[in-house]
Engineer: 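Have a look at this one before I ask anything.
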Amino acid sequence: MPVITAVMGTVSEMAATAGGEDALFLTSEERASAHMAAVTEGGRAVKISLPRGTELNDGDVLAVEGDTMIVARAAKERLFVVAPDTALEWGIAAFHLGNLHRPVRFRDDAMLTPADAKVADVLRGSGITFETSEAAFVGVRYGSYAGHDHDHDHSHDHSHAQGQGHDHSHEHDHSH
């Protein structure tokens, strides 16, 4: 099988044109990796080299071989299921998870994040209840806010050994 360099579509989009499915179960960390070699449930060896920043989602079709779709599937992982009772608790839990830079997937009824001792301490310390579960890490994902700017200025003073000192300064502006 040639190296997979792009996602062809989703199972829901392509189900009518293909017969079966050979799942490639990947953890959330593996789905965020652009390059890998892996083996599907059906024993197919696959090599993946996607554009930088590509993250596979549960149900992405990676290839079609005959009438079989090779499909990325979210593997079960040890997760915290955070389902606060009040809007205040939802806000507190979301604040802490964001402050800890935790990956989070949102469902209508809960937030999911990979199990972690530090997260458990912070949530318990804030009175936020959660359960530990083995489940697929799927749901709505929000990336970091990417529309910020920051400027910084700095200058350097230095001199050269033969008395030819000079000053220079420069500024940088960048946008993300």
Side-chain angles (χ1 to χ4, degrees), residues 1 3-85 89-144:
M1 175 176 293
V3 175
I4 296 166
T5 58
V7 174
M8 297 180 71
T10 65
V11 168
S12 60
E13 295 168 346
M14 300 179 66
T17 59
E21 173 181 327
D22 188 4
L24 177 62
F25 286 96
L26 302 169
T27 65
S28 58
E29 188 172 321
E30 292 169 331
R31 286 182 281 135
S33 175
H35 308 283
M36 73 183 84
V39 178
T40 66
E41 283 284 294
R44 289 178 171 88
V46 296
K47 292 182 180 174
I48 299 171
S49 183
L50 300 170
R52 187 178 189 162
T54 302
E55 183 172 340
L56 294 172
N57 294 304
D58 185 65
D60 281 345
V61 176
L62 303 172
V64 177
E65 204 171 73
D67 66 346
T68 302
M69 298 180 290
I70 312 287
V71 180
R73 290 293 183 189
K76 289 184 177 181
E77 301 178 56
R78 190 166 171 261
L79 303 174
F80 289 156
V81 180
V82 185
D85 293 324
E89 290 174 344
W90 273 89
I92 292 168
F95 170 80
H96 286 310
L97 293 173
N99 204 29
L100 293 170
H101 297 266
R102 298 296 302 167
V104 176
R105 299 294 187 271
F106 294 90
R107 300 188 323 206
D108 287 339
D109 62 340
M111 293 178 275
L112 306 176
T113 190
D116 177 88
K118 177 70 174 175
V119 172
D121 289 345
V122 170
L123 293 175
R124 282 188 195 109
S126 298
I128 306 296
T129 58
F130 60 94
E131 296 177 4
T132 303
S133 177
E134 293 284 329
F137 189 47
V138 295
V140 178
R141 176 181 184 264
Y142 293 95
S144 62

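Along the sequence shown, the residues carry numbers beginning at 1. Quantities reported herein were computed from a predicted structural model and do not represent experimental measurements.
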Engineer: Closest heavy-atom contact between Val138 and Ala74?
Structural biologist: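 In terms of heavy atoms, the two residues are closest at CG1-CB, 3.5 Å.
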
Engineer: Can you name the nearest heavy-atom pair linking Asp58 to Arg31, along with the distance?
Structural biologist: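 The answer is N-NH1, 4.2 Å.
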
Engineer: Who pairs with Phe95 by ring pair (Phe, Tyr, Trp, His ring centres under 6.0 Å), at least two apart in sequence or on another chain?
Structural biologist: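 None.
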
Engineer: Using 4.0 Å as the upper bound for N to carboxylate O, is an ion pair formed by Glu55 and Arg105?
Structural biologist: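 Salt bridge flag = yes for Glu55 with Arg105.
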
Engineer: For residues 60-70, which residue pairs qualify under side chain to side chain donor-acceptor pair (under 3.5 Å), counting only residues two or more places apart or in two chains?
Structural biologist: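 Checked against side chain to side chain donor-acceptor pair (under 3.5 Å) - neighbours excluded - the pairs reaching residues 60-70 are Arg44-Glu65.
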
Engineer: Going from CG on Leu79 to CG on Leu112, what distance comes out if it is rounded to the nearest 0.5 angstrom?
Structural biologist: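 One finds 6.0 Å between CG of Leu79 and CG of Leu112.
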
Engineer: Do the non-hydrogen side-chain atoms of Val81 and Arg107 ever get within less than 4.5 Å of each other?
Structural biologist: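 Contact flag for Val81/Arg107 side chains = yes.
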
Engineer: Roughly how far, to the nearest 0.5 Å, is CG of Leu62 from CD1 of Ile48?
Structural biologist: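 Spacing of CD1 (Ile48) from CG (Leu62) equals 5.0 Å.
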
Engineer: What are the two closest non-hydrogen atoms of Phe137 and Glu77, and how far apart are they?
Structural biologist: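 Result for this residue pair: CB-OE2, 3.6 Å.
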
Engineer: Please give me the minimum heavy-atom distance between Ala63 and Ile4, naming the atom from each residue.
Structural biologist: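 Minimum heavy-atom contact is CB-CD1, 4.2 Å.
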
Engineer: Any chance you could measure Thr10, atom OG1, to Met69, atom CE, to the nearest 0.5 Å?
Structural biologist: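 One finds 9.0 Å between OG1 of Thr10 and CE of Met69.
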
Engineer: Is Glu21 reaching over with its side chain to a backbone N or O of Val71, donor-acceptor style, under 3.5 angstrom?
Structural biologist: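 No, because the side chain of Glu21 does not come within donor-acceptor range (under 3.5 Å) of the backbone of Val71.
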
Engineer: Working to the nearest 0.5 angstrom, can you tell me the gap between Lys118 NZ and Asp116 CG?
Structural biologist: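 One gets 9.0 Å once the value is rounded to the nearest 0.5 Å.
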
Engineer: Please name the pair of heavy atoms, one in Glu30 and one in Phe25, separated by the smallest distance, quoted to 0.1 Å.
Structural biologist: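 Heavy atoms of Glu30 and Phe25 come nearest at OE1-O, 4.2 Å.
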
Engineer: For Leu50, does its backbone N or O pair with a side-chain atom of Thr5 as donor and acceptor, under 3.5 Å?
Structural biologist: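 Answer holds: no.
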
Engineer: Please report the shortest heavy-atom distance between Met8 and Val64, naming the atom on each side.
Structural biologist: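 Nearest pair, atom of Met8 first, then Val64: SD-N, 3.7 Å.
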
Engineer: Please report the interatomic distance CZ(Arg73) to CG(Leu24), rounded to the nearest 0.5 Å.
Structural biologist: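 So the gap between those two atoms works out to 11.0 Å.
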
Engineer: Under 3.5 Å, is there a donor-acceptor pair between the side chain of Arg52 and the main chain of Ala34?
Structural biologist: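 No, Arg52 side chain to Ala34 backbone: no donor-acceptor pair under 3.5 Å.
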
Engineer: Donor-acceptor pairs are to be reported for all side-chain atoms of residues 123-134 against protein atoms at under 3.5 Å, with residues two or more places apart or in another chain.
Structural biologist:
from, atom 1, to, atom 2, distance (Å)
Ser126, OG, His96, NE2, 2.9
Ser126, OG, Val122, O, 3.2

